[in-house]
Each structure stands twice: as structure tokens, then as C-alpha cells.
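Heads up: the structure comes next, in C-alpha cells.
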Amino acid sequence: LHQTGDLDGAAALYRNVLTAEPGNADALHLLGFVSYQKGSADIAVEMIRKAIAVQGRQAAFHFHLGLALKALGRFDEAAVSYRRALALKPDDPDTLNNLGNALSAAQKFEEALVSYRRLLSLRPGHDQALVNLGNALSELGQAEDAEACYRRAISQAPRNADAWNNLGDLLRGRGDLDGALAAFRKAVALMPENATAHNNLGITLWELGAAE
């Protein structure tokens with residue numbers, strides 16, 4: 001039921017398991033993960049921590065705890081959970097990427113670079129890691145390296161709208177409004193529901209004197 005997306009049905013069965021066996025670590029963990037998926041990250045943290053207290057050497061438990069903590073804005077704690085997951089399952093791409101994101105959210109960009117670069121050493125074609133690396137480099141003022149990351153991501157995944165939008169933002173900040181305009185137009189075409197991309201396109205058009 002969980003795998004087919006029936007979260008309510010899955011949660012009911014996990015609760016049945018816990019009624020019969022209150023210390024069942026898998027049911028605690030998965031009920032917590034369902035709570036996270038339904039937007040109740042605070043309940044997820046509580047449930048998954050109970051699972052970890054019973055069985056602490058499951059990388060997935062720590063990974064999902066990290067997701068819930070990050071959703072609550074508790075970025076440093078999320079990073080701790082991701083590091084614990086990596087200690088149990090080293091070099092996991094999703095964990096490395098999420099660790100970098102948590103560190104970036106906590107304004108620890110130098111540490112985030114380490115995580116993204118480790119991931120890219122394992123998966124050179126990971127376009128979202130390239131975008132995330134570019135974002136961290138941009139925050140550190142390394143605009144040329146950030147641009148190289150965005151362009152590399154685009155060369156590997158031309159439909160990555162984030163890469164186009166972030167490249168446009170960087171080019172606009174540099175004063176290359178024509179380049180920014182082309183990048184934002186591409187981002188909007190790929191991601192028409194994204195308000196940020198539309199806003200960036202509109203601002204660039206206005207700055208070029210082309211607003212209608």
C-alpha cells in the first residue's frame with residue numbers, strides 16, 4: 001500500500017503492527033516516514049527516533065530522520081542524521097546530496113562543497129549535484145566555477161530547469177542581460193509553473209527595456 005501511494009492505508013496497517021508489537025522498529029520507522037510524506041515532519045521525527053532507539057544501525061532510518069529534520073528547518077540536526085546514515089552506508093548518492101543541501105541551508109557552504117564533490121566523484125553525471133555545487137560556489141563568490149557547474153549540468157541534462165534558471169541568475173548578476181534572458185526563457189519553457197523563473201524573466205525584460 002505504501003509503495004502504491006496509499007499512505008492512509010499503509011499507516012493504518014503500520015499502527016496495527018505497533019498495537020501487536022509496540023517496539024517494532026520497521027513499523028515505527030515507516031509510520032514516521034508516512035507522517036513525513038503527509039506533511040507532519042514533527043510526528044515523523046518522534047516516530048523515527050523511537051525506531052532508532054530500538055534499532056540504530058539502519059541507514060534508511062537516519063536518512064529519513066534527516067529529511068524530516070530538514071523539513072522542520074533544523075538543518076544542523078539534519079546534517080548529523082545524514083552523516084550517521086553515511087557511516088552505515090558510505091557513499092550513498094542520495095545521502096551525500098541531501099547532506100550537502102542541509103549544510104548549504106545552514107550556510108556551511110565549504111562543508112557542502114565536500115559532500116557534493118564526493119558525490120560527483122562517484123557519479124560524474126549527477127546533474128542536480130552539479131547544480132547544487134554551483135549554488136554553493138556562487139554563495140562563496142566563486143562565480144566562474146559556479147557558471148562552469150551550471151553549464152556542465154545543462155550539457156548533461158538539457159532539460160534541467162534549475163540549471164537554466166540559476167545560470168540566468170548568475171549571468172544577470174554579472175550584467176550579461178542577453179545571456180540571462182535566454183537562460184530564463186529556457187527555464188520558463190521547461191518549468192512553466194515556477195513563479196521564480198517567471199519573475200526572473202520579467203525582471204530581465206524590464207531591465208532590458210522590453211517590458212510590455
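Below, each value reflects all heavy atoms present in this structure, side chains not excepted, and no hydrogens, waters or symmetry copies. Keep in mind that this is a model prediction, so the values were computed, not measured.
Formation of a donor-acceptor pair under 3.5 Å by the Thr95 side chain with backbone atoms of Asp91 is not found in this model. At distances below 3.5 Å, not a single donor-acceptor pair connects side-chain atoms of Asn199 with backbone N or O atoms of Ala195. Between the Ser138 side chain and the Gly134 main chain, no donor and acceptor come within less than 3.5 Å of each other. At distances below 3.5 Å, not a single donor-acceptor pair connects side-chain atoms of Ser104 with backbone N or O atoms of Ala136.
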Evaluation steps, salt bridge (charged side-chain N to carboxylate O under 4.0 Å, His left out), between Asp127 and Arg152: CA-CA 8 Å; Asp127 57 291; Arg152 184 176 156 199; over 6 Å; no

Working for side chain to side chain contact (heavy atoms under 4.5 Å, CB included), residues Leu140 and Asp145: CA-CA 10 Å; Leu140 290 168; Asp145 290 339; over 6 Å; no

From CA spacing to verdict: side chain to side chain contact (heavy atoms under 4.5 Å, CB included), Phe63, Asn98: CA-CA 9 Å; Phe63 178 78; Asn98 278 275; 3.7 Å; yes

Stepwise side chain to side chain contact (heavy atoms under 4.5 Å, CB included) test for Arg172 and Leu181: CA-CA 8 Å; Arg172 178 173 166 267; Leu181 182 64; over 6 Å; no

Worked verdict on Cys149 versus Leu137 for side chain to side chain contact (heavy atoms under 4.5 Å, CB included): CA-CA 9 Å; Cys149 286; Leu137 288 165; 3.7 Å; yes

Audit row: Asn200, Asp169, side chain to side chain donor-acceptor pair (under 3.5 Å) steps and yes/no: CA-CA 7 Å; Asn200 287 338; Asp169 201 40; 4.7 Å; no

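Of the charged side-chain nitrogens involved, none lies within less than 4.0 Å of a carboxylate oxygen, so that Lys70 and Glu77 do not count as a salt-bridged pair.
Among all heavy-atom pairs drawn from Gly56 and His62, the shortest one is O-NE2, 2.8 Å. Across all their heavy atoms, Lys89 and Ala59 have their closest contact at CB-CB, 3.7 Å. Closest approach of Thr204 to Leu177, counting heavy atoms only: CG2-O, 3.6 Å. Across all non-hydrogen atoms, the minimal contact from Gly179 to Asp176 is N-OD1, 2.9 Å. Closest approach of Ala79 and Ala102 over heavy atoms only: N-CB, 4.1 Å. Here the closest non-hydrogen pair linking Gly168 and Phe184 is C-CZ, 3.2 Å.
More than 12 heavy atoms of other residues, nucleotides or ligands shown are found within 6.0 angstrom of CD on Glu193. Shown here is Arg123, whose CZ atom has no more than 12 heavy atoms of other residues, nucleotides or ligands within 6.0 Å.
Considering Asn97, Leu67, Leu69 as possible partners of Tyr82, the one that fulfils the side chain to side chain contact (heavy atoms under 4.5 Å, CB included) test is Leu67. Checking Met191, Lys186, Arg159 one by one against Trp164, the side chain to side chain contact (heavy atoms under 4.5 Å, CB included) holds for a single residue, Lys186. Considering Arg118, Arg117, Arg83 in turn, Arg83 is the only one that fulfils the salt bridge (charged side-chain N to carboxylate O under 4.0 Å, His left out) rule with Glu111.
Residues Arg185 and Leu190 form no side-chain contact, since every pair of their non-hydrogen atoms from C-beta on lies 4.5 Å or further apart. Taking 4.5 Å as the limit, some side-chain heavy atom of Leu170 sits within range of a side-chain heavy atom of Tyr150. Residues Leu28 and Arg49 form no side-chain contact, since every pair of their non-hydrogen atoms from C-beta on lies 4.5 Å or further apart. Residues Asn160 and Ile154 have side chains not in contact (no heavy-atom distance under 4.5 Å, counting atoms from C-beta outward). Residues Ile48 and Ile52 meet the side-chain proximity criterion, which asks for heavy atoms closer than 4.5 Å. No side-chain heavy atom of Gln58 sits under 4.5 Å from any side-chain heavy atom of Leu88. Side-chain contact check for Val34 versus Tyr14: some heavy-atom pair is nearer than 4.5 Å. Within the 4.5 Å cutoff, the side chain of Leu119 has no heavy atoms near those of the Leu99 side chain.
Using bins of under 30°, 30° to 60° and over 60° for the plane-to-plane angle, the ring pair Phe33/His64 lands in the parallel bin.
With hydrogens and angles left out, the side-chain atoms of His126 and Gln156 include no donor and acceptor closer than 3.5 Å. In this model, no donor atom of one side chain and acceptor atom of the other lie less than 3.5 Å apart for Asn194 and Asn165.
Both Ile43 and Leu30 belong to a single network of hydrophobic side chains, linked directly or stepwise wherever heavy atoms of I, L, V, M, F, W or Y lie under 4.5 Å apart. Using a 4.5 Å cut-off between side-chain heavy atoms of Ile, Leu, Val, Met, Phe, Trp and Tyr, with links allowed through other members, Phe109 and Leu113 fall into the same hydrophobic cluster. Cluster annotation: Leu96 and Leu103 are assigned to the same hydrophobic cluster (Ile/Leu/Val/Met/Phe/Trp/Tyr, side-chain heavy-atom contacts under 4.5 Å, transitive).
For the atom pair CD of Gln55 and CZ of Arg57, the computed distance is 10.5 Å after rounding to the nearest 0.5 Å. Note: Asn166 CG to Leu171 CG = 11.0 Å, rounded to the nearest 0.5 Å. Interatomic distance, Leu13 CG to Leu1 CG, rounded to the nearest 0.5 Å: 5.5 Å. Distance check, rounded to the nearest 0.5 Å: CG of Leu7 to CD of Gln37 gives 5.0 Å. Taking OG from Ser81 and CG from Leu86, the interatomic distance works out to 11.0 Å, rounded to the nearest 0.5 Å. With rounding to the nearest 0.5 angstrom, the CG atom of Leu18 is 10.0 Å from the CG atom of Asp26.
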